[in-house]
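See structure below.
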Amino acid sequence: MMTLPTNPFVDHYIEHASASMRADLHEILAIMRLIAPEAELSFDLGIPYFQQDSDLLFGVAAREDHLCIYFDDTTQFYSFAERLNHAQFGENCLSFHRLHDININVFAELLSQIKVHSIKQGRDRTAHLLH
């Protein structure tokens, strides 16, 4: 299992998730940190999430019987649906029951593409403001 720097909110959030989801939450947050080391870990939305340039990059929420990965725009990423068996895309989220149910390499690729897409959108906004 990868490690994530200690954070009181994250520790509390994971501690209060169901026991079957705790290891997955740790792993998902560690993967997110690995993909976006410069992003800020935030929690003012009530879930642990990463933001970059004040924009939501991605976050994770433990629900009663599944995990939700939240991000800003799913329309760019529906191509991953076939490759992420046992996962469902919803409005600005991806949900699945357990991390071992999905292909972790495809999941990491998805998070990487979300980061690239977010950075590109930020650069486009900056360029538009400068003109």
Side-chain angles (χ1 to χ4, degrees):
M1 180 188 311
M2 290 184 247
T3 59
L4 186 69
T6 303
N7 176 289
F9 173 82
V10 172
D11 293 343
H12 183 265
Y13 188 85
I14 291 172
E15 179 182 310
H16 285 85
S18 72
S20 64
M21 292 187 189
R22 291 178 191 151
D24 286 353
L25 283 168
H26 272 288
E27 189 75 12
I28 290 166
L29 287 165
I31 291 168
M32 289 175 170
R33 170 56 72 208
L34 185 64
I35 290 170
E38 69 287 346
E40 178 184 349
L41 178 60
S42 300
F43 44 85
D44 58 324
L45 298 175
I47 63 168
Y49 70 97
F50 291 88
Q51 64 179 3
Q52 192 162 335
D53 300 325
S54 299
D55 291 329
L56 169 71
L57 194 53
F58 34 61
V60 61
R63 301 298 182 217
E64 187 173 318
D65 66 344
H66 62 280
L67 295 159
C68 287
I69 308 301
Y70 291 99
F71 45 97
D72 191 33
D73 179 18
T74 57
T75 59
Q76 300 289 319
F77 307 109
Y78 285 126
S79 63
F80 283 86
E82 284 184 19
R83 297 171 56 208
L84 285 170
N85 296 336
H86 307 291
Q88 288 87 36
F89 278 92
E91 189 172 326
N92 297 341
C93 72
L94 168 74
S95 63
F96 49 88
H97 293 283
R98 296 294 313 267
L99 192 55
H100 71 265
D101 291 339
I102 63 171
N103 184 319
I104 197 156
N105 293 322
V106 175
F107 177 66
E109 181 184 348
L110 170 64
L111 293 179
S112 296
Q113 289 300 314
I114 291 168
K115 178 185 174 190
V116 168
H117 180 72
S118 178
I119 290 169
K120 183 181 180 316
Q121 282 186 316
R123 287 183 181 160
D124 290 349
R125 277 193 305 271
T126 301
H128 180 71
L129 292 173
L130 294 175
H131 285 92

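Numbers here simply count residues along the sequence, with the first being 1.
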Subject >> Heavy-atom donor-acceptor pair, His12 side chain to Pro8 backbone, under 3.5 Å >> reply: no
Subject >> Qualifying residue for side chain to side chain contact (heavy atoms under 4.5 Å, CB included) with Met32, from Ile35, Ile28, Leu34 >> reply: Ile28
**OP:** Identify the two heavy atoms, one from Phe80 and one from Gln113, that lie closest to each other, and give their separation to 0.1 Å.
**Re:** CZ-CG, 3.9 Å
Original post:
Considering all heavy atoms of both residues, which atom of Asp101 and which atom of His97 are nearest to each other, and what is their separation?
Top reply: OD2-CB, 3.6 Å
**OP:** Please lay out, stage by stage, how Phe107 and Leu94 fare under the test side chain to side chain contact (heavy atoms under 4.5 Å, CB included).
**Re:** CA-CA 10 Å; Phe107 177 66; Leu94 168 74; 4.2 Å; yes
Original post:
Sub-3.5 Å donor-acceptor pair from the side chain of Arg22 to the main-chain atoms of Ala17, do we have one?
Top reply: yes
Original post:
Of all heavy-atom pairs between Phe9 and Pro48, which one has the smallest distance, and what is that distance?
Top reply: CE2-N, 3.7 Å
Subject >> Asn92 side, atom CG; Phe58 side, atom CZ - distance, nearest 0.5 Å >> reply: 14.5 Å
Subject >> Separation between CZ of Phe50 and CG of Asp55, rounded to the nearest 0.5 Å >> reply: 15.5 Å
Original post:
About how many Å separate CD1 of Ile114 and CD of Glu109, when rounded to the nearest 0.5 Å?
Top reply: 11.0 Å
Original post:
What distance do Ile102 atom CD1 and Leu67 atom CG have between them, rounded to the nearest 0.5 Å?
Top reply: 9.0 Å
Original post:
Should Asn7 and Phe43 count as side-chain neighbours, where that means a heavy-atom distance under 4.5 Å?
Top reply: yes
Original post:
Between Ala61 and Tyr70, which heavy-atom pair has the shortest distance, and what is it?
Top reply: CB-CE1, 3.6 Å
Original post:
In terms of hydrophobic clustering (I, L, V, M, F, W, Y; side-chain heavy atoms under 4.5 Å; direct or indirect links), are Val116 and Leu110 co-clustered?
Top reply: no
Original post:
Is there a donor-acceptor contact under 3.5 Å from the side chain of Arg83 to the main chain of Asn103?
Top reply: no
Original post:
So with a 6.0 Å cut-off around CD of Glu38, is the heavy-atom count from everything else above 12?
Top reply: yes
**OP:** For residues Leu57 and Phe71, report the shortest heavy-atom separation together with the two atoms involved.
**Re:** O-CB, 3.4 Å
Subject >> Closest approach of Tyr13 to Ala62 (non-hydrogen atoms, all atoms of both residues) >> reply: OH-N, 2.9 Å
Subject >> From Gln51 atom CD to Leu56 atom CG, the distance as rounded to the nearest 0.5 Å >> reply: 8.0 Å
Subject >> Test applied, side chain to side chain contact (heavy atoms under 4.5 Å, CB included); reference residue, Arg63; option that passes from Ser95, Cys68, Ser18 >> reply: Cys68
Subject >> Interatomic spacing from CZ in Arg98 to NE2 in His66 - rounded to 0.5 Å >> reply: 14.0 Å
